[in-house]
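The figures that follow rest on heavy atoms only: side chains count, while hydrogens, waters and symmetry mates do not.
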Amino acid sequence: MSEDTFWKISDFAETLKTHLKNQNIHINTVDGWFKRLEKERLHYINLTLETNEKVYDELDLQIAMFINDATPLIELP
């Protein structure tokens with residue numbers, strides 16, 4: 001994938017499912033991961049200039065794959 005690839009949340013969740021070969025990940029789970037990162041001021045999602053919508057990129061995909069792999073190992077409050 002190129003660096004210029006961006007997804008809205010629904011497409012991003014589907015792309016993540018494909019990369020992980022896991023159809024059990026729900027869009028709300030993925031959204032929650034990134035809301036938590038923003039709340040903790042660790043990572044922010046890009047916004048479109050025109051509509052101020054969140055768009056996810058390749059780095060976000062890598063982060064989501066890492067979170068998915070690490071989730072069984074960590075406790076979330």
Side-chain angles (χ1 to χ4, degrees):
M1 288 186 191
S2 72
E3 292 180 43
D4 297 325
T5 303
F6 294 96
W7 302 275
K8 290 185 181 179
I9 184 64
S10 57
D11 296 327
F12 181 71
E14 290 302 316
T15 301
L16 180 60
K17 288 178 184 181
T18 302
H19 276 75
L20 296 175
K21 297 181 177 93
N22 179 355
Q23 297 300 313
N24 295 326
I25 296 176
H26 195 273
I27 189 173
N28 292 344
T29 300
V30 176
D31 187 47
W33 292 342
F34 286 95
K35 283 182 179 177
R36 176 77 185 267
L37 291 174
E38 288 180 343
K39 181 182 175 189
E40 300 291 332
R41 297 181 176 192
L42 297 172
H43 178 73
Y44 295 92
I45 302 301
N46 294 311
L47 300 173
T48 62
L49 293 175
E50 301 83 22
T51 59
N52 211 32
E53 289 180 279
K54 290 183 180 182
V55 288
Y56 297 79
D57 61 17
E58 185 69 31
L59 176 60
D60 300 319
L61 183 61
Q62 292 174 11
I63 290 170
M65 289 189 296
F66 176 82
I67 292 171
N68 180 74
D69 291 346
T71 298
L73 304 175
I74 59 175
E75 280 188 42
L76 298 175

TODO: Answer yes if the side chains of Glu50 and Thr48 hold a donor-acceptor pair under 3.5 Å, and no otherwise.
DONE: no

Open item on the list: What's the separation between atom CG in Asp31 and atom CZ in Arg36, rounded to the nearest 0.5 Å?
Closed with: 14.0 Å

Open item on the list: Would you say Phe12 ends up clustered with Leu20 if hydrophobic residues are merged whenever their side chains have heavy atoms under 4.5 Å apart, either directly or through other cluster members?
Closed with: yes

- [ ] Could you check Lys35 against Glu38 for salt bridge (Lys or Arg N to Asp or Glu O under 4.0 Å), going step by step and ending with a plain yes or no?
- [x] CA-CA 5 Å; Lys35 283 182 179 177; Glu38 288 180 343; over 6 Å; no

- [ ] Determine, stepwise, if the pair Asn68 / Val30 fulfils side-chain contact (heavy atoms from CB on, under 4.5 Å).
- [x] CA-CA 9 Å; Asn68 180 74; Val30 176; over 6 Å; no

Task: CD1 on Ile25 to CE on Met65, rounded to 0.5 Å - done: 10.5 Å

- [ ] Please name all residues satisfying side chain to side chain contact (heavy atoms under 4.5 Å, CB included) with His26, sequence neighbours left out, ordered by chain then number.
- [x] Asn28, Thr29

TODO: Indicate the atoms forming the closest heavy-atom contact of Ile27 with Ser10, along with that distance.
DONE: CD1-CA, 3.6 Å

Open item on the list: To the nearest 0.5 Å, what is the distance between CG on Asp11 and OG1 on Thr5?
Closed with: 11.5 Å

Open item on the list: Would you say that Lys54 contacts Tyr44 through its side chain, given a criterion of any heavy-atom pair below 4.5 Å between the two side chains?
Closed with: no

Open item on the list: Would you compute the distance between atom CG of Asp57 and atom CG of Asn46 and round it to the nearest 0.5 angstrom?
Closed with: 5.0 Å

Task: hydrophobic_cluster_shared for Val55 and Leu49, side chain cutoff 4.5 Å - done: no

TODO: Check whether any side-chain heavy atom of His43 sits under 4.5 Å from a side-chain heavy atom of Leu59, and report yes or no.
DONE: yes

- [ ] Using a 4.5 Å cut-off on heavy atoms from C-beta on, say whether the side chain of Ile45 contacts that of Asp60.
- [x] yes

Open item on the list: To the nearest 0.5 Å, what is the distance between CD on Glu58 and CZ on Phe6?
Closed with: 10.5 Å

Open item on the list: So, taking the atom named CG in Asn52 and the one named CG in Leu47, what distance separates them when rounded to the nearest 0.5 Å?
Closed with: 5.0 Å

Task: Heavy-atom side-chain contact between Leu61 and Thr15 under 4.5 Å - done: yes

Task: Tyr56-Phe34 aromatic ring centre distance below 6.0 Å - done: yes

